[in-house]
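Note that the numbering runs from 1 along the sequence shown for the chain.
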Amino acid sequence: MANPQKENGYVPIANEIYDAMALFRIPGECEQVLKVIIRKTYGFNKKSDNIANSQICEATGLHKANVSRALSRLITNRIVIKTDNSSEEGARLMLNKNYEQWIPFVIKTDNRKKRVKSKKVIKSDNKKEDAAYRDWE
């Protein structure tokens with residue numbers, strides 16, 4: 001049984017940022033990566049930290065390619081700021097707390113909706129009802 005206690009650590013985050021995150025739609029893998037970045041920074045009372053993709057992989061269970069793609073999207077959309085790439089320990093990452101700069105994610109949709117002909121399917125366990133239905137058609 002899980003028994004988390006605040007005394008064992010917590011992530012202090014400003015209510016204003018938390019509220020902004022609740023209103024802002026972030027795709028699944030991007031959100032997982034963002035949570036790790038917040039945990040590795042604010043969770044240790046830091047504004048930024050060197051976080052390697054391998055650390056994010058371990059924390060999320062995502063593959064390295066997916067972490068890299070999600071992180072790139074977070075940086076492109078100005079949700080995460082990458083300040084240094086030269087460290088062996090990983091890139092220096094931080095949450096962009098100026099949420100007014102965040103760029104919404106574009107949801108890809110297929111506007112070419114294909115019409116699918118549906119077939120009438122009525123099936124019962126009673127063979128007499130099935131036969132009666134076939135006679136009725």
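- Atom CG of residue N96 and atom CD1 of residue I75 lie 11.5 Å apart, to the nearest 0.5 angstrom.
- Note that CG of L71 and CD1 of I56 are 5.5 Å apart. Values are rounded to the nearest 0.5 Å.
- To the nearest 0.5 angstrom, N53 atom CG is 11.0 Å from L62 atom CG.
- Taking Ile, Leu, Val, Met, Phe, Trp and Tyr as hydrophobic and joining them when side-chain heavy atoms fall under 4.5 Å apart, one finds Y10 isolated, its cluster having no other members.
- Between N45 and P12 the shortest side-chain heavy-atom distance falls below 4.5 Å.
- Placement of I79 and I81 in two distinct hydrophobic clusters is found when ILVMFWY residues are connected by side-chain heavy-atom separations under 4.5 Å, directly or transitively.
- Of all heavy-atom pairs between A59 and V36, the closest is CB-CG2, 3.7 Å.
- In this view, Q5 and N3, E7, N8 satisfy the side chain to side chain contact (heavy atoms under 4.5 Å, CB included) rule, not counting sequence neighbours.
- Of the possible polar contacts, one joining the Q55 side chain to the A52 backbone as a donor-acceptor pair under 3.5 Å is found.
- Hydrophobic cluster membership of I103, counting Ile, Leu, Val, Met, Phe, Trp and Tyr whose side-chain heavy atoms lie under 4.5 Å apart directly or via other members: none, as it forms a cluster of its own.
- Closest approach of S48 and R92 over heavy atoms only: OG-NE, 3.2 Å.
- For residues 14-72, every residue pair satisfying the ring pair (Phe, Tyr, Trp, His ring centres under 6.0 Å) rule, not counting sequence neighbours, is listed here: F24-W102.
- To the nearest 0.5 angstrom, L74 atom CG is 4.5 Å from C30 atom SG.
- Looking at residues two or more places apart in sequence or on another chain, you find a salt bridge (charged side-chain N to carboxylate O under 4.0 Å, His left out) between K46 and D49.
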Between L34 and M21, is a side-chain contact (heavy atoms from CB on, under 4.5 Å) present by the stated rule, with each step listed? CA-CA 10 Å; L34 180 61; M21 288 173 56; 4.1 Å; yes
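- Residue pairs satisfying the side chain to side chain donor-acceptor pair (under 3.5 Å) criterion with at least one member in residues 30-41, sequence neighbours excluded, are absent.
- Grouping the Ile, Leu, Val, Met, Phe, Trp and Tyr side chains by contacts below 4.5 angstrom, directly or via other members, places I38 apart from M94.
- Scanning both residues, R25 and F105, for their nearest heavy atoms gives O-CD1, 3.5 Å.
- The distance from atom CG of L93 to atom NZ of K82, rounded to the nearest 0.5 Å, is 7.0 Å.
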